[in-house]
Amino acid sequence: MIVAIGHDLIEIDRIRAMLEREGRRAEKLFAPAELAYVARLSDPAPSLAARFAAKEAFQKVWPRPHGWRDVWVERERTPDGPFPFTPPVLGFAPAIAAELRAGGLVAHLTLTHTKEHASAVVVLERP
């Protein structure tokens, strides 16, 4: 059963401007794994914007505020698969992960971006 749906849309230039203006702020907004993932990209702004949108979309389905680095996007390498990385999933700080488990909840994530916008949808489900 679907418990909640959260969606967020952000302008990629907003994240690009933040990175240019105050690059160190990215370390406060994004988990180390997220920063490592985008470090290999020639333009990290679209991927970071999608990750920012994912954090916002999750906040819309979660009953309490959380820190920026308490929720992150994970992707694993798939050396033998048809795609270089697995689909994105949300990772959680221990307290949020425990609360999800206790409530029997699963969070599903999808990300997308164009040249101008990034978007994320989070579906909170109780299977």
Side-chain angles (χ1 to χ4, degrees):
M1 172 176 65
I2 293 175
V3 175
I5 299 173
H7 175 251
D8 193 67
L9 175 72
I10 186 169
E11 294 172 339
I12 294 171
D13 280 346
R14 181 175 161 205
I15 295 297
R16 185 175 284 111
M18 181 269 302
L19 292 171
E20 291 170 0
R21 196 177 52 248
E22 46 187 318
R24 301 277 314 194
R25 186 162 179 224
E27 295 171 6
K28 294 179 182 177
L29 297 174
F30 301 101
E34 291 174 305
L35 295 173
Y37 177 84
V38 301
R40 64 181 178 74
L41 304 174
S42 60
D43 182 9
S47 288
L48 287 177
R51 282 155 175 74
F52 186 92
K55 295 165 189 283
E56 289 283 326
F58 180 76
Q59 184 60 75
K60 291 172 181 171
V61 303
W62 198 241
R64 281 168 295 296
H66 59 77
W68 287 106
R69 291 175 29 148
D70 290 340
V71 176
W72 59 88
V73 176
E74 298 177 344
R75 295 194 74 187
E76 300 292 327
R77 280 210 169 272
T78 55
D80 299 327
F83 302 105
F85 289 91
T86 61
V89 296
L90 288 172
F92 301 101
I96 295 173
E99 197 168 343
L100 285 164
R101 278 191 307 276
L105 299 169
V106 176
H108 303 280
L109 170 68
T110 186
L111 304 173
T112 192
H113 60 76
T114 66
K115 287 183 177 183
E116 297 169 348
H117 296 91
S119 176
V121 175
V122 172
V123 175
L124 199 58
E125 177 191 28
R126 185 172 289 118

R16 side chain near P46 side chain, heavy-atom distance below 4.5 Å: yes
Residue pair Q59 / H66, side-chain heavy-atom distance below 4.5 Å: yes
Atom pair CD1 (I15) and CZ (R25), whose distance is rounded to the nearest 0.5 Å: 8.0 Å
Between CD on residue E27 and CD on residue E34, distance to nearest 0.5 Å: 13.0 Å
Min side-chain heavy-atom separation E56-W68 under 4.5 Å: yes
Separation of I12 CD1 from S47 OG (nearest 0.5 Å): 8.5 Å
Nearest heavy-atom neighbours spanning A31 and W72: CB-CB, 3.7 Å
CD1 on I10 to NE2 on H113, rounded to 0.5 Å: 13.0 Å
Gap between atom CG of D8 and atom NE2 of H117 - 0.5 Å precision: 11.0 Å
Close side-chain approach of R69 to P32, heavy-atom, < 4.5 Å: yes
Residues forming a side-chain hydrogen bond (donor to acceptor under 3.5 Å, both in side chains) with R126, sequence neighbours excluded: none
In one Ile/Leu/Val/Met/Phe/Trp/Tyr side-chain cluster, 4.5 Å: V38, L29: yes
ILVMFWY network linking F30 to L19, side-chain heavy atoms under 4.5 angstrom: yes
Closest contact, heavy atoms only, A50 versus A118: N-CB, 3.5 Å
Atom of M18, atom of A26 and distance for their closest heavy-atom approach: SD-N, 4.3 Å
E22, CD: over 12 other non-hydrogen atoms inside 6.0 angstrom: yes
Path from F52 to L41 over hydrophobic side-chain contacts below 4.5 Å: yes
Heavy-atom pair of closest approach, residues A120 and A57: O-CB, 3.7 Å
Neighbour count above 12 (heavy atom, 6.0 Å) for R24 CZ: no
Within 6.0 Å of CD in E11, more than 12 heavy atoms from elsewhere: no
I2 with V106, same ILVMFWY side-chain cluster at under 4.5 Å: no
Residues clustered with V73, ILVMFWY side-chain links under 4.5 angstrom: V3, F58, V61, W62, V71, L90, F92, I96, L100, L105, L109, L111, V122, L124
Hydrophobic cluster membership, L48 vs Y37, 4.5 Å side-chain cutoff: yes
